[in-house]
Amino acid sequence: MIKKQLHTFLFLFALITNLQAQISFTESAISLGVVVNYGTIPGGFGGGISFCDFNGDGWDDLTFSTATSAPVKFYKNNSGTFTEVTLGGVTVPSRETRQIIWVDYDNDGDKDLFVSTLDDSNKLYQNNGNFSFTDVTAAAGFDTAVRFTLGCSWGDYNNDGYLDAFLTFRDPAESNPNKLYKNNGDGTFSDVSTSVGIGSGSHLSFCSAFFDYDNDGWQDIYIANDKSDNKNIMYHNNGDGTFTDTSVSTNTDLGIDAMSTTICDYDNDGYLDIYVTNTIDGNVFLKNNGNGTFSDIASANGTLMETFAWGAVFLDADNDMDSDLYVSGMLTTTAPLPSAFYENDGSGTFSIPTSAGFQNDDAVSFSNAIGDIDNDGYPDISVLNFAPRNNFLFKNNNSTNNYLKVKLQGTTSNRDGVGSWIQAYNNGVPQNRYTLAGEGYTAQNSNYEFFGLGSETVVDMLKVTWLSGTVDVLYNVAVNQSLTIVEGSSLAVDQFDFSNLIRAYPNPSKNGVFKLNSSQLDINKDYQISVYDVLGKVLIEKKMDITDNEIDLNKYSKGIYFLQIKSNSQSAIKKLIYN
């Protein structure tokens with residue numbers, strides 16, 4: 001009942017806020033200095049976009065793939081306008097670049113560059129620290145053969161603090177299986193596809209996403225495959241370095257012309273949902289049911305589209321505390337809707353507004369991504385187009401509602417904080433964001449996560465759950481700011497003062513039962529025990545008793561949990577693994 005009341009409050013609040021904020025965008029690419037398009041490749045699938053701050057100055061830059069003599073274009077953000085720049089050492093030979101993604105694969109504090117290509121070898125460029133780059137593709141262990149690579153997403157599948165890479169191939173001969181490259185933590189990668197359970201077949205794959213669909217603390221992988229006989233694949237991470245194909249049991253084995261893997265917890269229920277674009281048969285909106293299965297609700301919530309759709313991205317366009325949706329596509333005689341912006345009415349139903357600024361959005365469009373052109377806290381949209389149309393840059397004109405932007409910096413987890421949950425609570429209701437690297441269709445969004453806050457003047461609680469198990473919590477966070485959270489920085493000074501005096505065993509536990517060895521604690525103090533799931537829900541609360549030293553999670557699902565033991569002056573957190 002309480003949960004229902006909270007959701008009702010959020011719905012009513014969103015309706016009120018919608019009356020105050022009219023969604024408005026203006027296409028501003030050329031006026032802001034972005035003069036580029038992909039070109040044209042007969043039968044091609046367009047290219048990729050990154051809306052990521054590649055030089056670390058706090059302003060989201062733009063990187064585009066092109067099918068020209070200069071296959072990658074870099075546009076530096078100069079406080080709200082863009083200038084094309086060249087990067088020393090970056091020489092991509094391909095004429096058909098696809099995914100362009102900036103990641104800190106070596107955790108040294110600067111962005112490295114990975115470029116996937118369809119007609120040449122993929123490229124990994126290491127940032128030398130002075131914003132010059134070195135091609136380390138072969139030295140790092142990546143295959144340099146032509147593999148018809150479309151996508152490359154990054155995540156940390158084994159929770160070792162280093163980003164791994166998943167490459168998807170769309171080989172017309174269907175002779176190249178997808179590849180998972182494990183980051184060895186020493187600047188090199190190993191192809192572990194076969195040993196971890198990634199199938200050896202070729203599937204005409206467009207793209208993939210690392211995300212945790214069952215909230216067990218381990219990143220799973222979802223793959224969008226082209227053509228009905230190449231069904232989409234869901235790989236469940238078993239937590240032991242291997243994967244199991246759960247496509248059928250999760251109802252995610254779509255037999256369509258799937259293009260995108262767009263991830264978002266659109267209804268803030270704590271489970272990640274998937275939007276998959278398709279041809280005129282209609283897109284698929286996979287709602288996560290929270291029990292290991294998904295249901296297609298595209299027809300019911302108004303996002304079927306029924307056109308040739310490509311990239312898709314969720315964003316709160318008017319900062320009214322719900323997730324809207326933008327989808328790129330291409331106009332054909334049988335598909336009269338080229339692209340579409342869908343506004344969320346606050347209850348999870350979407351519709352296309354008539355005057356949001358997308359009236360001339362009728363190019364042949366592919367990838368799209370969101371960032372913040374002028375750091376005003378409202379997400380802007382960049383779109384890659386075929387020639388002769390220039391790429392679009394839709395500037396967000398809204399300014400009514402408040403916002404919070406959050407970026408992560410891992411210490412034990414990967415430096416980019418990929419795979420983390422960020423939750424902003426107001427009035428007991430959360431907005432949930434999950435950090436990805438390489439999402440949608442060959443795209444990368446800003447490293448900042450955007451929270452629309454309506455008329456809220458403070459965030460009651462901001463919580464970050466990192467892949468390492470560290471949980472950072474901030475209270476009464478001021479709105480209308482860009483905030484960087486360093487892993488572990490919000491913990492009390494003495495947070496881990498006595499953690500070495502407590503041991504939970506066996507850990508991992510096969511039956512969900514953990515014994516606590518706390519014989520070295522001060523018996524004159526009162527200690528409180530709390531156990532949380534990965535989303536912060538309290539499952540167990542009790543006083544610590546020397547005669548009751550057992551934590552029993554047997555009635556809960558297998559996964560990651562957090563044990564907190566605290567006194568008036570000290571606190572310790574332990575990660576519990578029930579597998």
Is a side-chain donor or acceptor of Asp376 paired with a backbone partner of Ser399 at a separation under 3.5 angstrom? no
Here the gap from Tyr425 atom OH to Tyr475 atom OH, rounded to the nearest 0.5 Å, amounts to 10.5 Å
Might you point out which heavy atoms bring Asp164 and Asp156 nearest each other, and give the distance in Å? OD2-CA, 3.4 Å
Give a yes or no answer on whether the side chain of Asp318 reaches the backbone of Ile23 with a donor-acceptor pair at less than 3.5 Å. no
Looking only at side-chain N and O atoms, does Asn414 offer a donor or acceptor that is under 3.5 Å from a partner on Asp416? no
How long is the span from the OG1 atom in Thr279 to the CE atom in Met330, to the nearest 0.5 Å? 11.0 Å
With the side chain counted from C-beta on, respond yes when Thr435 and Leu408 share a heavy-atom pair under 4.5 Å apart, and no when they do not. yes
For the ring pair Phe206 and Tyr441, is the centre-to-centre distance below 6.0 Å? yes
Assess, by modelled atom type and distance only, whether the side chains of Thr277 and Asn283 contain a donor and an acceptor separated by less than 3.5 Å. no
Determine yes or no for a side-chain-to-main-chain donor-acceptor pair under 3.5 angstrom, with Asp320 supplying the side chain and Gly454 the backbone. no
Between Tyr213 and His236, is the ring centre distance below 6.0 Å? yes
So Tyr556 and Leu539, side-chain contact (heavy atoms from CB on, under 4.5 Å) or not? Walk me through it. CA-CA 9 Å; Tyr556 299 104; Leu539 306 178; 3.8 Å; yes
I'd like to know whether the aromatic ring centres of Tyr532 and Phe562 sit less than 6.0 Å apart in this structure. no
SB check Asp265 Arg433 (cutoff 4.0 Å): no
Checking side-chain contact (heavy atoms from CB on, under 4.5 Å) between Leu453 and each of Asn480, Val459, Asn401, which is the one that passes? Val459
Quick check against the 3.5 Å criterion: does Asp245 have a side-chain atom that pairs as donor or acceptor with the backbone of Ile233? no
Give a yes-or-no answer on whether the side chains of Ser208 and Ser153 include a donor-acceptor pair shorter than 3.5 Å. yes
Can a donor-acceptor pair be found, under 3.5 Å and without considering hydrogens, that links the side chain of Asn237 to the backbone of Tyr157? yes
Calculate, to the nearest 0.5 Å, the distance between atoms SG and CD1 belonging to Cys52 and Ile101 respectively. 8.5 Å
Test side-chain contact (heavy atoms from CB on, under 4.5 Å) on Ile274 and Val276 and set out the steps. CA-CA 6 Å; Ile274 314 169; Val276 184; 3.9 Å; yes
If you measure only the distance, is there a donor-acceptor pair under 3.5 Å linking the side chains of Trp102 and Thr63? yes
Heavy-atom closest pair, residues Ile49 and Asn368: CD1-CA, 4.2 Å
Is there a donor in the side chain of Asn432 and an acceptor in the side chain of Gln423, or the other way round, less than 3.5 Å apart? yes
Between the side chains of Asn397 and Thr26, does any donor sit under 3.5 Å from an acceptor? yes
Relative to the ring of Phe358, is the ring of Phe341 parallel (under 30°), tilted (30 to 60°) or perpendicular (over 60°)? parallel
Would you please indicate yes or no on a ring centroid separation below 6.0 angstrom for Phe64 and Tyr38? no
Which one of Asp316, Ile422, Val477 satisfies the side-chain contact (heavy atoms from CB on, under 4.5 Å) criterion with Phe451? Ile422
Distance-only, no hydrogens or angles: does the Gln22 side chain make a donor-acceptor pair with backbone N or O of Ser24 under 3.5 Å? no
For the side chain to side chain donor-acceptor pair (under 3.5 Å) test, which of Asp171, Thr261, Asn178 pairs with Ser205? Asn178
Chi angles and distances behind the side-chain contact (heavy atoms from CB on, under 4.5 Å) call for Met234, Ile221: CA-CA 6 Å; Met234 178 74 82; Ile221 301 173; over 6 Å; no
Which atom of Ser367 lies closest to which atom of Ser328, heavy atoms considered: O-OG, 4.3 Å
Before accepting this row, confirm whether a basic side-chain N of the pair Asp372/Lys405 lies closer than 4.0 Å to the acidic partner's carboxylate O. yes
Going through the distances and angles, do Lys287 and Asp267 end up as a side-chain contact (heavy atoms from CB on, under 4.5 Å)? CA-CA 9 Å; Lys287 175 177 167 51; Asp267 53 359; 2.6 Å; yes
Could you verify whether a donor N or O on one side chain and an acceptor N or O on the other, from Ser50 and Gln444, lie under 3.5 Å apart? yes
Sub-6.0 Å ring centroid separation between Tyr222 and Phe210: no
I'd like to know if the side chain of Ser413 and the backbone of Ser468 have a donor-acceptor N/O pair within less than 3.5 Å. yes
Where is the tightest heavy-atom contact between Leu384 and Gly48, given as atom of each residue plus distance? CD1-O, 3.6 Å
Given the side-chain rings of Tyr326 and Phe314, with only the six-membered ring counted for Trp, is the space between their centroids under 6.0 Å? no
To check you understand the geometry: which heavy-atom pair defines the closest contact between Thr149 and Arg98, and what is its length? O-CG, 3.5 Å
State whether a side-chain donor-acceptor pair under 3.5 Å links Ser295 with Asn289. yes
Does Leu286 offer a backbone N or O that forms a donor-acceptor pair with the side chain of Asp296 under 3.5 Å? no
How are the rings of Phe350 and Tyr266 set to each other: parallel, tilted or perpendicular (split at 30° and 60°)? tilted
Before giving the answer on side chain to side chain donor-acceptor pair (under 3.5 Å), spell out for Asn385 and Ser365 the whole-Å C-alpha distance, their side-chain angles and the decisive distance to 0.1 Å. CA-CA 4 Å; Asn385 295 328; Ser365 304; 2.6 Å; yes
Ignoring hydrogens and angles, tell me if any N or O in the side chain of Asp212 forms a donor-acceptor pair with the backbone of Gly217 under 3.5 Å. yes
State which residue, out of Phe294, Tyr275, Tyr342, fulfils the ring pair (Phe, Tyr, Trp, His ring centres under 6.0 Å) condition with Phe285. Tyr275
N-O pairing of Asp472 and Lys463 below 4.0 Å: no
Asn232 side chain to Asp253 backbone, donor-acceptor under 3.5 Å: no
For Asn360 and Arg389, which heavy atoms make the closest approach, and how far apart are they? O-NH2, 3.3 Å
